[in-house]
Amino acid sequence: MKLRQFLFFGSLALNIVAAVFLLSMFMERIGGKRYDPSKAQDLGELRRIIYSVKPLQVAVEKYRQQHRAYPDELDVLTKEPDEKHYLEAMQSTVPRVSSVRPEGNGYQIYIKLGWDPGLFYYSAENEWIYDPGDGSDTTVIEP
């Protein structure tokens, strides 16, 4: 009987250790990467994402000039024949662009970077903000 209990609790402990190990290995895939803008490599990755969204910013401004209003959603821009190619290319490199929407005197772009973290662009302030999504402070990212 004691041997059975020992084997049961031993296998339970091993399963817990294996689960913790596997979760730590795959957490970035599951929840997305958390960036630390104070580290050069992470800051460079955030800037790469920002630069790759430039065609979207150009398309939004072009749409505003033609329609005298900002688009209500991202899908509206892909229907513009001149912008479709560039936006499809941008979405293949930054597939997590979640929304584009009017906001005050400008527009906002939201890029989902994982379960919680995200990048926000506020055109009225011409400002990129990284939100780690964990309750800690946001960071302004200079492109």
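Counting from 1, the numbers follow the sequence of the chain as shown.
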To the nearest 0.5 Å, what is the distance between [atom1] on [X] and [atom2] on [Y]?
{"X": "Ile50", "Y": "Glu45", "atom1": "CD1", "atom2": "CD", "answer": "10.5 Å"}
{"X": "Glu61", "Y": "Leu56", "atom1": "CD", "atom2": "CG", "answer": "10.5 Å"}
{"X": "Asp131", "Y": "Leu113", "atom1": "CG", "atom2": "CG", "answer": "9.5 Å"}

**Message:** Could you walk me through whether Arg64 and Val60 satisfy the side-chain contact (heavy atoms from CB on, under 4.5 Å) test, starting with their C-alpha distance in whole Å, then the side-chain angles of each, then the deciding distance to 0.1 Å, before giving a yes or no?
**Reply:** CA-CA 6 Å; Arg64 183 189 61 81; Val60 169; 5.7 Å; no

Under 3.5 Å, which donor-acceptor pairs link side chains of residues 133-143 to any protein atom two or more places apart or in another chain?
residue	atom	partner	partner atom	Å
Asp134	OD1	Ser136	N	3.0
Asp134	OD1	Ser136	OG	2.5

**Backbone N/O of Tyr35 and side chain of Tyr130: donor-acceptor pair under 3.5 Å** = yes

**Prompt:** Would you find more than 12 non-hydrogen atoms of other residues, nucleotides or ligands less than 6.0 Å from Glu73 atom CD?
**Reply:** yes

**Asked** Does a side-chain heavy-atom distance below 4.5 Å link Pro102 with Asp72?
**Response** yes

**Message:** Please say yes or no: joined through hydrophobic side-chain contacts below 4.5 Å, possibly via intermediate residues, are Leu43 and Leu119 part of one cluster?
**Reply:** yes

**Item:** Heavy-atom closest pair, residues Pro37 and Leu46
**Value:** CG-CD1, 4.1 Å

Can you give each donor-acceptor pair under 3.5 Å made by side-chain atoms of residues 103-110, sequence neighbours left out, with the distance rounded to 0.1 Å?
residue	atom	partner	partner atom	Å
Gln108	OE1	Arg101	NE	3.3
Gln108	OE1	Arg101	NH2	2.9
Gln108	NE2	Tyr122	OH	3.3

